[in-house]
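What follows is a short report on a single structure.
Quick note on labels: first sequence line is chain A, next is B, and so on, each numbered from 1.
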Amino acid sequence: MIRDQIKSAIDQALAHQADDLHLNSPEIEIQGLLNVERPRHGTFGDYAINVSPLAKYARKAPPQIASQIMDQLGNHFWETSVAGGFINLQISPELLTKSLIGIAKTEKPGQNQVYSSLHCLLEFVSANPTGPLHIGHGRWVALGDSLGRLMRHCGAAVTNEFYINDAGSQMRSIANSIWYRALEILGTGGKLPEPQEGQPYPFYPGEYVIEMAQEFLTEHKDQVLAWDNPEHVAPEAALTELMSYSKTSMLAKQKALMERCRLTFDVWFSEQTLHQAGQVKQVIQTLQERGFTYEKDGALWFASSRLGDDQDRVLIKSDGSYTYLTADIAYHENKFQRDNGFYNLMINIWGADHHGYIPRMKAAVAALGYNPDYLEILLGQLVNLIIDGEKTRMGKRKKMMTLEDLVDEVGVDAVRFWMVSKSQDTTLDFNVELAASASDENPVFYVQYAHARCASILRNAFQPRLDTLTQETKPPLLQEPEWQDFLAQLSPESMADLLDGIENEPAKQALRELILKLDGFQDKVLDAVRQRSPHTIARYSQDVAADFHRFYNVCRILVSDPAVAKKRLVVIYALKKVLAQALELLGVSAPEQM
RNA sequence: GCCUCAGUAGCUCAGUUGGAUAGAGCAACCGCCUUCUAAGCGGUAGGUCAUAGGUUCGAAUCCUAUCUGGGGUACCA
């Protein structure tokens, strides 16, 4: 990577001049003191170094420092110049070509081992098996899966995990709801109770529950009739049966949808198993032994405020049942203990509505004796649906648009790209009409089109050509074996004059920019992991596509001279790899044609 | 009240160890298809980076206060 080469050259130059620039005191870390960046305006060169941060040590004017350092940077890989406090570098065609060859020869561009010591348990989506996944879940699908893919690309071991909330009171609620819907269908007189003002409503009013009831009745009609009673209250046996049915049915649907979204969970972790294995009971005992619990008002409390939470939390309610938090603490202890403490980073992706939950979870981890810094909560802001130009709050509608509906309408690629193309720190407005109807307004097609164009060019090189003037069919520009040999023996010599052979100046500039952009891919991947921001990869893919389309318009690839065409084809070959890799990291398909 | 995310072009958003003239897409307007995919490209226009202070050689970026909007503030999950 070009930037790394410049960085080490700079560090060397600084070390060499440390005395003169007064950089030799021990508290100054020379490495990384200066930043190597791509200037916003191409007129300043390909890369730039701002030396102003040195001025306070060197006690010299920045332009003077710049020219002093520049003298040490002499190197046939780039030309240097000074403007104010900046050293500008113009990268040589040789180095650009070398970089391109490197990409063409790499199996997976951007792949590295920088995070090879990272063992990450990545938990996301984690919905209740009480209903379909909604559109907001789509954001966690896109964000979490892309982040996991990016981390693996940087050498980390990542486990994708889905926590199934199958043990709480919401399971009883869905069972009761299905029960009443079934009675409504059967017409026995039982019906779903109306909500009471100011009272919690322990039922699911959604229309999908009616479908679930219908489905349940096809197999269990006689049983439901047998269960029903004059009061129409569901007997315990019915609820047990319905909870089990709901879980099985919804989980199967969720799994199928995740698969459709190209997301694989390595572990589906059931909350119920924690209760069954006695781990919830056990974790309370551990907290008690460590002195973080006390009894008050008939409940058992966790003294989380001693560990940074703003108030204490209930572990066992006065009715004797556990809170959600209690099982969650047991779950997190399980994560820390899993595989003999294999994981050194737990990332949980949560919606912003769970923000207040972070301090108590961190407190719990600390109370159990683990390092709370190993638990990282990635908060994502929520998704607003825009329907008919109006913002619709999630959950306000009886008939909500589900994630599956959305995938049906716009396709997996558009959903995944759209959901991950904006920073998770901003509320996402999902305009359904726009995503569904105006496909050419969707940036995902722009990137995919660039990839398909590359594929098309690579196909055409080996196809017989039709001369439109004479109507003659000419032989293909290249033969496969010849091209394969050329690829296998790529070298600065065989690629010489790739850039200098282009006389048209805009085309040469466009190609330089394209190669520089491809060269920066690994940096982008590393940044995305470090900042937990897959959206930068979505943006990058659009940048690369734009650079390519620009280049394509000013420079023909398949020119009649096969020697020239081959070299340009290497650009397309490397570019296609990078585009495909970027799209794969986002979980978006890279079509061979469109 | 407190916690938290955001406020940048008409719209949707980029912009991270603070650096040169503020960046894209869409929408608008003007151009570009006899040759590799026009789902493309070029150009024009569009900005007091919410406001006010502060730190700094230098601030969209850091600090403080204020304003506006989202989310949270359960013995719900």
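The nucleotide B/U64 finds its pairing partner in B/A52, both defining distances of the Watson-Crick or G-U wobble pair being shorter than 3.5 Å. Of all nucleotides present, only B/G43 satisfies the Watson-Crick or G-U wobble test against B/C29, with each distance under 3.5 Å.
Relative orientation of the A/Tyr163 and A/Phe269 rings is tilted, given thresholds of 30° and 60° on the angle between their planes. Note on ring orientation: taking the six-membered ring where Trp is involved, the planes of A/Tyr540 and A/Phe521 are parallel (angle under 30°, cut-offs 30° and 60°).
One finds no side-chain N or O of A/Lys524 lying less than 4.0 angstrom from the OP1 or OP2 phosphate oxygen of B/U16. The phosphate of B/U37 (OP1 or OP2) has a side-chain N or O of A/Asn460 nearer than 4.0 angstrom. Under 4.0 angstrom from either OP1 or OP2 of B/A38 there lies at least one side-chain N or O belonging to A/Tyr552. An OP1 or OP2 oxygen of B/A77 is reached within less than 4.0 angstrom by no side-chain nitrogen or oxygen of A/Tyr204. Put simply, A/Arg40 has a side-chain N or O that comes within less than 4.0 Å of OP1 or OP2 on B/G23.
At a threshold of 4.0 angstrom between heavy atoms, the contacts of A/Phe86 include nucleobase atoms, whether or not backbone atoms are also involved.
Looking at A/Ser169, its side chain has no donor and acceptor atom pair within 3.5 Å of the base of B/C76. In terms of polar N and O atoms assigned as donor or acceptor, the side chain of A/His354 comes within less than 3.5 Å of the base of B/A77 in a complementary pairing. For B/A77, its base never sits under 3.5 Å from the side chain of A/Asp353 at any donor and acceptor pair. Between the side chain of A/Gln381 and the base of B/G71, no donor-acceptor pair of N or O atoms lies under 3.5 Å.
With rounding to whole Å, A/Arg550 atom CZ is found 9 Å from B/C41 atom C1'. Atom CZ in A/Arg360 sits about 17 Å away from atom P in B/C3, given to the nearest Å. For the pair A/Leu315 CG and B/C76 P, the interatomic distance rounds to 13 Å; values are reported in whole Å. Between the CG atom of A/Asn50 and the C1' atom of B/G19 there is a distance of 5 Å, given to the nearest Å. Look at CZ on A/Phe551: it is 14 Å from P on B/G42, rounded to the nearest Å.
Taking every side-chain heavy atom of A/His355 into account, B/U4 is the closest of B/U37, B/U4, B/C75. Checked against B/U37, B/A20, B/C41, the side chain of A/Ala83 finds its nearest nucleotide in B/A20. Relative to the side chain of A/Thr323, the nucleotides B/C36, B/A22, B/A77 differ in distance, and B/A77 lies closest. Comparing B/U37, B/A20, B/G15 against the side chain of A/Ala48 picks out B/A20 as the nearest. In this structure, of B/C5, B/U12, B/G23, it is B/C5 that holds the atom nearest to the side chain of A/Asp425. With distances taken from any side-chain atom of A/Trp301 to the nucleotides B/U21, B/A77, B/C75, the minimum falls on B/C75.
We find the CD1-CE distance between A/Ile49 and A/Met70 to be 11.0 Å, quoted to the nearest 0.5 Å.
With a glycosidic angle more than 90° from 0, B/C29 adopts the anti conformation.
A donor-acceptor pair under 3.5 Å links the side-chain atoms of A/Asn504 to the main chain of A/Val554, judged by distance alone.
Take the nearest nucleotide of RNA chain B for A/Tyr322 and for A/Ser421: the residue whose nucleotide is more 5' is A/Ser421.
Side-chain contact between A/Arg416 and A/Ser146: present, with at least one pair of heavy atoms (C-beta onward) separated by less than 4.5 Å.
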